[in-house]
Amino acid sequence: MKIVFGSILFLSLWSVLAVRADSSARLDSSLYKISVHSANNLSELKLLAERGLADAQIKVAKACADSQLYADALKWYSAAAKQGVIEANFQKGHMLLYGCRDAPPNQCVKPDPTAALSCLFMAATNGHFGASYDVAVSLKDGLGCPADLVSAYAWFSLCADHGSDPSRTAMNWLALRLSGSEIRQALTLARETKMGHWPGMSLSASGHPVAAVDINLKLSGVVFSPRGNMAIINKRTLAEGETIQLKTGKNEMVDVTCVSVQPSFVQVKVESEADLRTLTAAR
């Protein structure tokens, strides 16, 4: 009798587990048929986000931010930013630039302007004008980088051309503080910026100027393959983690390391420079 009861119990448990496994399999299968646009609720969006869909990650991040779950929002924006999504880089950079303190302690985000500018510069150089405005403010106020009023004027000019009234106000403020020669330099830099010739930035966690190496790095393209991602820089192909030597403007050789290859930008480390450089392909 005990044997029969044990067998019945085993079969019952096996049936329950089989039903649950079948239900889970059907759920996973149905998720593959759901797109981000057809998702009915946040539960489905979150499952899609966990599968790595960048559009879903951004939607979940926004929902978290709207609920003051800023640390969670930063996590999801960071996940989408790693895939090279411009909007995600802007949102991540904006959150890190100013921080988010009006939240429960475990959901606060501390300001990290230096880390913010790397994301913002990537988004700005890919046509995101919200990011361009944040870059301009950072240069004006010295957030995460040395203050540079001439470059700030050029970035504000880029935003003003797209209807930003705060940018026009900032340009007037700067004009009163720049010398005549600096204004001419700012206007020239503004024209170059509008043509896609982006001025470089020296990032500094301390807020003090960082000596930049005199080397011009040009990204020609990126290559993605199962064997690893690669970037074509100054006509040389570098895999992620690879280091090569390139000649500076002073005919000196420096090490350049490819740190990260993304669809729309590449980050490299130049020997003796404190921070990473973000390179975007010329259009």
Side-chain angles (χ1 to χ4, degrees), residues 81 84 89 93 96-97 112-126 131-132 134-136 138-155 158 181-182 185-186 188-193 195-223 228-283:
N89 272 276
L96 289 175
L97 185 64
D112 188 348
T114 303
L117 280 179
S118 180
C119 297
L120 291 170
F121 189 74
M122 177 270 172
T125 54
N126 280 275
S132 297
D134 279 350
V135 169
S138 299
L139 287 165
K140 180 177 76 72
D141 297 337
L143 299 176
C145 64
D148 184 345
L149 300 189
V150 171
S151 294
Y153 187 98
W155 284 100
L158 189 67
S181 61
E182 287 175 329
Q185 183 184 353
T188 299
L189 189 58
R191 285 193 295 270
E192 290 292 311
T193 301
M195 293 171 61
H197 301 157
W198 309 106
M201 293 187 66
S202 292
L203 307 182
S204 170
S206 64
H208 299 298
V210 176
V213 175
D214 180 18
I215 184 170
N216 183 29
L217 299 177
K218 181 179 179 181
L219 176 65
S220 302
V222 295
V223 178
N229 303 332
M230 295 176 287
I232 304 171
I233 301 172
N234 290 18
K235 300 182 180 180
R236 300 279 297 275
T237 302
L238 289 82
E240 285 182 320
E242 184 179 0
T243 299
I244 60 172
Q245 286 199 324
L246 294 174
K247 188 177 292 187
T248 70
K250 299 179 180 179
N251 289 324
E252 299 173 341
M253 302 301 293
V254 295
D255 288 340
V256 176
T257 303
C258 180
V259 176
S260 174
V261 178
Q262 302 297 335
S264 55
F265 71 99
V266 171
Q267 288 189 313
V268 299
K269 177 72 171 68
V270 179
E271 180 186 353
S272 82
E273 289 190 346
D275 300 282
L276 302 181
R277 290 195 191 189
T278 300
L279 309 179
T280 55
R283 297 184 176 183

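Only a predicted model underlies this, so the values are computations on that prediction, with no experimental measurement involved. The analysis underlying the following values was restricted to heavy atoms, covering all of them including side chains, and did not include hydrogens, waters or symmetry mates.
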Over all heavy atoms of both residues, which pair between [X] and [Y] is shortest? Give the atoms and the distance, please.
X	Y	value
Ser138	Cys145	O-SG, 3.7 Å
Thr278	Phe121	O-CE2, 3.8 Å
Ala152	Lys140	CB-N, 3.7 Å
Thr280	Leu219	C-CD2, 3.8 Å
Ala154	Ala186	CB-O, 4.2 Å
Leu97	Ala116	N-CB, 3.4 Å

Output the distance between atom [atom1] ([X]) and atom [atom2] ([Y]), rounded to the nearest 0.5 Å.
X	Y	atom1	atom2	answer
Leu139	Asp134	CG	CG	11.0 Å
Lys218	Ile233	NZ	CD1	12.5 Å
Leu189	Asp148	CG	CG	8.0 Å
Asp255	Glu271	CG	CD	4.5 Å
Leu279	Cys258	CG	SG	9.0 Å
Leu238	Ile244	CG	CD1	4.0 Å

If you apply the rule side chain to side chain contact (heavy atoms under 4.5 Å, CB included), what do you find for Arg277 with Val270, and how did you get there?
CA-CA 8 Å; Arg277 290 195 191 189; Val270 179; 3.8 Å; yes
Side-chain heavy-atom pair Ile215, Val254 within 4.5 angstrom cut-off
yes
Could you go through Val256 and Asn234, starting from their C-alpha distance and side-chain angles, then the distance that decides it, and tell me whether this counts as side chain to side chain contact (heavy atoms under 4.5 Å, CB included)?
CA-CA 11 Å; Val256 176; Asn234 290 18; over 6 Å; no
My understanding is that only residues two or more places apart in sequence, or in another chain, count here; which of them pass side-chain contact (heavy atoms from CB on, under 4.5 Å) with Lys250?
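Listed in chain order: Asp214, Thr248, Glu252.
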Checking Ala123 now: which residues fulfil side-chain contact (heavy atoms from CB on, under 4.5 Å) with it, not counting sequence neighbours?
Ile86, Asn89, Phe90, His128, Ala131
Please check if the side chain of Gln267 supplies one atom and the backbone of Ser260 the other of a donor-acceptor pair under 3.5 Å.
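No, the answer is negative, given that no donor and acceptor are paired below the 3.5 Å cut-off.
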